[in-house]
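Working notes for the structure below.
Below, each value reflects all heavy atoms present in this structure, side chains not excepted, and no hydrogens, waters or symmetry copies.
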Amino acid sequence: MPELPEVEVVRAGLDPYIAGRTIVAVQNFHPRAARRSAIGLHDAVGRRMLWMSRRGKYLWAPFAGRQHAFVMHLGMSGQLLIQQRTQPNPKHLRITVEFDDVDRQLRFVDQRTFGHLMIDELTDDGHGGAVPICVSHISRDLLDPVLDRTQVVARIRAKATGIKRVLLDQSVVSGIGNIYADEALWAARIHAETPATVLTSRQVAKLLEEAIAVMQRALAQGGTSFDELYVNVNGQSGYFSRSLNAYGQAGKPCPRCGSNIQRAKFMNRSSFYCPRCQKQARA
DNA sequence: CACAGCTCCTGAATGC
DNA sequence: TGCATTCAGGAGCTGT
């Protein structure tokens, strides 16, 4: 499940390959893969990509002229692979993007089809940069140097809901998904259902610091992979799943206190937490 | 407007 | 064995 570190690994892998390249062909094999693109993907033909940008879990490559960008989201199972053209098509190949490269092409592979590619207009990001319109409602992420962390702390504490819901709300702070939310909450010793309003500024600031720390450690290990669904642009998995303290650890001892990690249903998904370290505070 | 819940999808794992 | 159910979850959309 690609979250910020995994998407950043993909961005960093793609950037040196696509920067300055002109698209010569786009083939779409599945309608859902471009479902949000008001502009047909074939409009990318003839355009030169400048670099790969990222905000939270969104990726985009501005086209020369900076009016439009090629936007990419991996969803749950999306992969962006740089592969030899002669390599057989992967099973869930959705889109190929070809450049003036006789050897390789960019392939978008996505088993569960939650991911998508689109062409979108760029708009001012308020700090001298540009962001696709479809990404403009997404807040800056925790690794963004322009992020105002004090402001994020205040916005989080103003939310009338549980803290984990807020962490997963990409319009408040982006890039965090179910895995890193559980890891950050475990590290900060906060229960997922704690109302955001009862947390102190210091607690929320600490929570964000833990989220940053865990995502940076994951990034250093190439991201978290449980299976073949998340891989870098060369098809390789990351190793951070070995370092998880809470997520997916139900029944195993908490690395801090030894209590068994619990699993709870939450928002149609799972939450993993230590019942001893993460007591639920009351409103 | 804010927040909660539904929905899209495939394939592995589990249940009877 | 085989068919049905459950689970994984990002984020847009709908309903209250």
Between atom [atom1] in [X] and atom [atom2] in [N], what is the gap in whole Å?
X: A:K265; N: B:dG5; atom1: NZ; atom2: C1'; value: 15 Å
X: A:I156; N: B:dA2; atom1: CD1; atom2: P; value: 16 Å
X: A:M118; N: C:dG12; atom1: CE; atom2: P; value: 10 Å
X: A:I179; N: C:dG10; atom1: CD1; atom2: C1'; value: 12 Å
X: A:R55; N: C:dG10; atom1: CZ; atom2: P; value: 19 Å
X: A:H137; N: C:dG10; atom1: NE2; atom2: C1'; value: 11 Å
X: A:L74; N: C:dG10; atom1: CG; atom2: P; value: 12 Å
X: A:L168; N: B:dC3; atom1: CG; atom2: C1'; value: 14 Å

Quiz item: Minimum heavy-atom separation for A:L167 to A:I176, with atom names?
Solution: O-CB, 3.6 Å

Side-chain N or O of [X] less than 4.0 angstrom from OP1 or OP2 on [N]?
X: A:S270; N: C:dA8; result: yes
X: A:K159; N: B:dA2; result: no
X: A:Y180; N: C:dG10; result: no
X: A:Y247; N: C:dG9; result: yes

Exercise. Between A:G162 and A:N268, name the one whose nearest nucleotide on DNA chain B is closer to the 5' end.
Key: A:G162

More than 12 non-hydrogen atoms from neighbouring residues, nucleotides or ligands closer than 6.0 Å to [atom1] on [X], yes or no?
X: A:R269; atom1: CZ; value: yes
X: A:D100; atom1: CG; value: no
X: A:R276; atom1: CZ; value: no

Check every strand shown and say whether [X] touches a base, only sugar-phosphate, or nothing at a heavy-atom separation below 4.0 Å.
X: A:D110; result: nothing
X: A:R263; result: sugar-phosphate
X: A:F266; result: nothing

Distances for protein N or O near nucleotides 9-13 of chain B N or O, under 3.5 Å:
{"unit_1": "B:dT10", "atom_1": "O4'", "unit_2": "A:Q111", "atom_2": "O", "d": "3.4"}
{"unit_1": "B:dG11", "atom_1": "OP1", "unit_2": "A:K91", "atom_2": "NZ", "d": "3.4"}
{"unit_1": "B:dG11", "atom_1": "OP1", "unit_2": "A:H92", "atom_2": "NE2", "d": "2.9"}

Quiz item: Considering only side-chain heavy atoms of A:R165, which listed nucleotide, C:dG12, B:dA4, C:dG10, is closest?
Solution: B:dA4

Practice problem: Could you tell me whether A:E209 and A:K206 have a side-chain N and a carboxylate O separated by less than 4.0 Å? | Solution: no

Practice problem: Compute the centroid of each ring, for A:F99 and then for A:Y17, and state whether the two points are separated by less than 6.0 Å. | Solution: yes

Quiz prompt | Of A:D15, A:I18, A:T22, the residue whose pairing with A:M49 passes side chain to side chain contact (heavy atoms under 4.5 Å, CB included) | solution = A:I18

